[in-house]
Amino acid sequence: NAGVMQNPRHLVRRRGQEARLRCSPMKGHSHVYWYRQLPEEGLKFMVYLQKENIIDESGMPKERFSAEFPKEGPSILRIQQVVRGDSAAYFCASSPSGTGRNEQFFGPGTRLTVL
Amino acid sequence: LAKTTQPISMDSYEGQEVNITCSHNNIATNDYITWYQQFPSQGPRFIIQGYKTKVTNEVASLFIPADRKSSTLSLPRVSLSDTAVYYCLPTEGGKLIFGQGTELSVKP
């Protein structure tokens with residue numbers, strides 16, 4: 001059973017460009033979470049999605065950031081008009097359910113660098 | 001959500017037992033207590049989870065007193081590869097709220 005897959009592993013963008021980060025959850029997992037880790041800081045929750053639904057987006061910046069988890073295909077975190085402050089590691093996690101003993105399995109992360 | 005307090009850093013030597021204590025005074029009735037490990041440039045990895053008393057798996061033990069206001073992660077006989085950041089999180093499903101974690105450094 002393959003783990004959580006994220007691609008690309010490294011992404012370089014210039015200011016103003018768009019960044020699209022992909023996450024394929026573990027087989028059988030329908031709950032996906034995105035976290036961001038700024039350099040020298042801890043992980044911060046961004047958004048929690050279940051197939052075709054956003055459950056909790058309380059950690060998402062109000063502008064430029066969006067996320068989706070379609071019925072078919074990976075979850076996508078999209079950052080429009082990137083700025084240098086968006087440079088960070090973005091981790092995706094998945095779980096089989098969203099309640100109780102909610103062990104989340106993390107991917108290797110995508111490291112975004114904005115020039 | 002319950003706020004957690006852990007030591008910022010700890011040092012140990014290979015072969016020693018390491019105990020990391022986390023306080024979570026305001027833990028909710030429905031919360032489990034979960035510990036994650038993170039190596040540099042990697043995503044966090046689940047270590048152990050419990051609700052109360054003691055839980056043991058092949059990697060660690062977790063001790064939770066009756067009042068559940070704290071928990072202690074015990075790593076037996078650490079090795080250099082256990083050098084990592086360890087996070088204690090109350091969890092009830094949904095998002096995980098990571099604190100600063102404890103940076104464990106294991107020396108030869």
Side-chain angles (χ1 to χ4, degrees), chain A residues 2-7 9-10 21 23-26 29-50 53-60 67 88-113, chain B residues 1-9 20 22 24 27-53 55 57-60 62 64 68 71 73 84-104:
Chain A
V4 176
M5 310 286 283
Q6 288 188 250
N7 68 81
R9 294 292 306 276
H10 300 274
L21 287 62
C23 169
S24 297
M26 287 182 68
H29 289 191
S30 59
H31 299 255
V32 166
Y33 313 80
W34 286 93
Y35 297 84
R36 177 167 66 174
Q37 188 166 33
L38 295 168
E40 308 301 325
E41 293 189 15
L43 291 100
K44 303 294 184 188
F45 167 79
M46 299 182 75
V47 63
Y48 163 28
L49 309 103
Q50 195 180 359
N53 292 305
I54 295 176
I55 307 300
D56 182 349
E57 57 181 348
S58 58
M60 286 281 269
Y90 292 82
F91 293 98
C92 166
S94 72
S95 66
S97 79
T99 61
R101 299 173 66 89
N102 180 28
E103 178 182 346
Q104 295 185 17
F105 295 82
F106 283 77
T110 292
R111 275 147 192 83
L112 173 65
T113 301
Chain B
L1 290 169
K3 177 178 168 59
T4 61
T5 303
Q6 304 175 232
I8 293 175
S9 63
I20 306 174
C22 175
H24 27 78
I27 192 166
T29 302
N30 294 332
D31 283 347
Y32 287 83
I33 296 155
T34 311
W35 285 77
Y36 282 82
Q37 173 193 57
Q38 186 180 25
F39 297 112
S41 302
Q42 295 186 26
R45 184 175 72 103
F46 173 92
I47 302 175
I48 197 166
Q49 182 183 73
Y51 187 79
K52 60 181 177 182
T53 64
V55 179
N57 61 22
E58 64 277 6
V59 177
L62 179 60
I64 305 168
R68 303 197 337 116
S71 60
L73 175 73
V85 178
Y86 292 82
Y87 296 96
C88 153
L89 301 87
T91 56
E92 58 169 335
K95 63 189 176 189
L96 298 178
I97 305 297
F98 287 85
Q100 65 186 15
T102 297
E103 188 169 357
L104 173 65

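Below, read A as the first sequence line, B as the second, and so on, with proteins coming before strands; counting in each chain starts at 1.
- Only the side chain of A/Tyr35 has a heavy atom closer than 4.5 Å to any heavy atom of chain B.
- The nearest pair of heavy atoms linking B/Gly94 to A/Gln104 is O-NE2, 2.8 Å.
- When heavy atoms are compared at a cutoff of 4.5 Å, A/Ile55 does not approach chain B at all.
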B/Gln38 and A/Phe106: side chain to side chain contact (heavy atoms under 4.5 Å, CB included), yes or no, with the steps?
CA-CA 10 Å; B/Gln38 186 180 25; A/Phe106 283 77; over 6 Å; no
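- In this structure, a donor-acceptor pair under 3.5 Å is absent between the side chains of B/Gln100 and A/Glu41.
- Under the side-chain hydrogen bond (donor to acceptor under 3.5 Å, both in side chains) criterion, A/Ser95 pairs with A/Tyr33, A/Asn102, sequence neighbours left out.
- A distance-only check finds no donor-acceptor pair linking the side chain of B/Arg45 to the backbone of A/Phe105 [under 3.5 Å].
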Check the pair B/Thr34, A/Glu103 against side chain to side chain contact (heavy atoms under 4.5 Å, CB included), reporting the backbone distance first and the verdict last.
CA-CA 8 Å; B/Thr34 311; A/Glu103 178 182 346; over 6 Å; no
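- Within a 6.0 Å radius of CE in A/Met60, more than 12 heavy atoms belonging to other residues, nucleotides or ligands are found.
- Separation of the A/Phe45 and B/Phe98 ring centroids does not fall under the 6.0 Å cut-off.
- With a threshold of 4.5 angstrom between heavy atoms, A/Gln37 approaches chain B through side-chain atoms but not through N, CA, C or O.
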